[in-house]
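Below you'll find the structure, written out as structure tokens, and then a few comments.
Just so we're on the same page: letters track the sequence lines, and every chain starts at 1.
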There are 2 protein chains.
Amino acid sequence: MPKNCNFIGKLREVGLRPTKQRVKMCEVLFNREKTFHFTINDLVKMISEQMNQKISLATVYNTVHVFEKKGYVKEISIDSHKSYFDTNTSAHHHFFDEDTHQLIDIDKKDIDKINIKKNIPGKKINSIEVLVRVASDNQNQKKFN
Amino acid sequence: MPKNCNFIGKLREVGLRPTKQRVKMCEVLFNREKTFHFTINDLVKMISEQMNQKISLATVYNTVHVFEKKGYVKEISIDSHKSYFDTNTSAHHHFFDEDTHQLIDIDKKDIDKINIKKNIPGKKINSIEVLVRVASDNQNQKKFN
DNA sequence: TCAATAGTTTAGAATTATTATAATGTATAT
DNA sequence: ATATACATTATAATAATTCTAAACTATTGA
């Protein structure tokens with residue numbers, strides 16, 4: 001979603017009423033240069049800081065999930081104990097920094113096309129995603145292959 | 001872990017007392033031909049069925065996590081709402097069937113080596129894993145790239 | 001414009017997955 | 001055999017998420 005766009009219009013387009021909570025969420029999520037990775041808690045914190053009024057946790061959960069269903073954000077599976085979301089909804093790859101728990105997009109050009117030489121009978125591939133776990137170079141080193 | 005091995009000895013090797021609960025868990029997890037993917041609930045159900053005695057949920061949680069720390073099993077991040085474990089602890093790739101919620105290993109030879117052309121300064125790669133989501137061919141089709 | 005209504009937000013309760021606790025039970029070393 | 005350290009258990013606690021029902025608000029159309 002481009003910067004500074006008309007969030008009220010965008011919300012109407014997908015059949016959502018442009019309430020002030022939703023418009024504020026759009027600003028926090030989409031009014032930025034780069035892809036944004038967040039957890040529900042991150043979002044509640046940021047919205048609370050930017051609004052004179054408190055926002056309910058349930059509203060943030062509900063609205064994020066509506067946005068997910070409508071394709072505005074996408075959930076990333078990294079850690080089964082926390083839900084991470086991404087404002088980049090295309091299938092793409094990530095670094096996950098195990099020290100800081102930060103997600104970083106991997107540019108499509110920085111990874112070769114993945115070719116799966118086998119398929120599951122009767123099943124179609126929906127997505128192929130790579131997760132590269134990284135950590136500080138001078139500690140916590142594990143082998144990989 | 002090979003089939004029909006001495007679980008009591010294996011447990012002792014990593015400093016775990018071979019209680020009947022742990023031996024039973026070993027049998028369920030490792031006494032099989034192929035890699036096994038499971039959730040804690042799967043395991044409780046299977047163990048309960050195979051033992052005359054009930055096993056506590058907490059024991060299964062605790063023991064699975066001890067096994068994980070000791071490198072007998074490995075957690076797989078697929079779905080942020082459920083923890084999947086795998087008896088294949090090497091870094092490898094998976095199909096995830098979105099219809100049945102089943103995990104299937106991808107053989108190393110069925111996927112080309114992944115080459116990441118960029119790195120994060122000061123960070124070392126710990127693992128590279130690919131997740132291929134599949135679903136029934138005649139429904140639920142999404143584009144991928 | 002302004003009420004009717006359909007949809008939204010909210011606080012708090014409910015649910016689910018997981019972890020901690022404290023009492024009881026058991027494997028092991030001596 | 002017995003003491004002791006470690007395990008198991010039922011249950012309580014916690015954390016993340018979802019549900020609920022009442023209050024609130026944006027939209028529609030008279």
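Evaluation of the salt bridge (charged side-chain N to carboxylate O under 4.0 Å, His left out) test over residues 74-87 of chain A, restricted to residues two or more places apart or in two chains, returns Lys74(A)-Glu129(A). Within the structure, the salt bridge (charged side-chain N to carboxylate O under 4.0 Å, His left out) test picks out the following pairs touching residues 11-30 of chain A (sequence neighbours left out): Lys24(A)-Glu27(A). For the ring pair (Phe, Tyr, Trp, His ring centres under 6.0 Å) condition, the pairs that include at least one residue of residues 38-61 of chain B, sequence neighbours left out, are Phe36(B)-Phe38(B), Phe38(B)-Phe85(B).
The NZ-P distance, from Lys24(B) to dT8(D), rounds to 15 Å in whole Å. For Ile55(B) and dA7(D), the CD1 to C1' distance is 11 Å, given to the nearest whole Å. Rounding to whole angstrom units, CG of residue Leu11(A) and C1' of dT8(C) are separated by 13 Å.
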All N/O contacts under 3.5 Å from nucleotides 16-20 of chain D to the protein, with atom names and distances to one decimal?
{"from": "dT17(D)", "atom 1": "OP1", "to": "Ser83(A)", "atom 2": "OG", "distance (Å)": "3.0"}
{"from": "dT17(D)", "atom 1": "OP2", "to": "Tyr61(A)", "atom 2": "OH", "distance (Å)": "2.3"}
{"from": "dT17(D)", "atom 1": "O5'", "to": "Tyr61(A)", "atom 2": "OH", "distance (Å)": "3.3"}
{"from": "dT18(D)", "atom 1": "OP2", "to": "His65(A)", "atom 2": "ND1", "distance (Å)": "3.3"}

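With sequence neighbours excluded, the residues satisfying side-chain contact (heavy atoms from CB on, under 4.5 Å) with Lys117(A) are Asn115(A), Asp110(B), Asp112(B).
In the region residues 15-23 of chain A, proximity to DNA chain D at under 4.0 angstrom, judged on heavy atoms, holds for Arg17(A), Pro18(A).
With salt bridges taken as basic N to acidic carboxylate O contacts below 4.0 Å, one links Lys123(B) and Asp99(A).
Taking the six-membered ring for Trp, Tyr84(B) and His101(B) have ring centres at least 6.0 Å apart.
Phe30(A) and Phe7(A) have tilted rings, their planes meeting at an angle from 30° to 60° on a 0 to 90° scale.
No path of Ile, Leu, Val, Met, Phe, Trp and Tyr side chains, each step under 4.5 Å between heavy atoms, connects Ile125(A) with Ile78(B), placing them in separate hydrophobic clusters.
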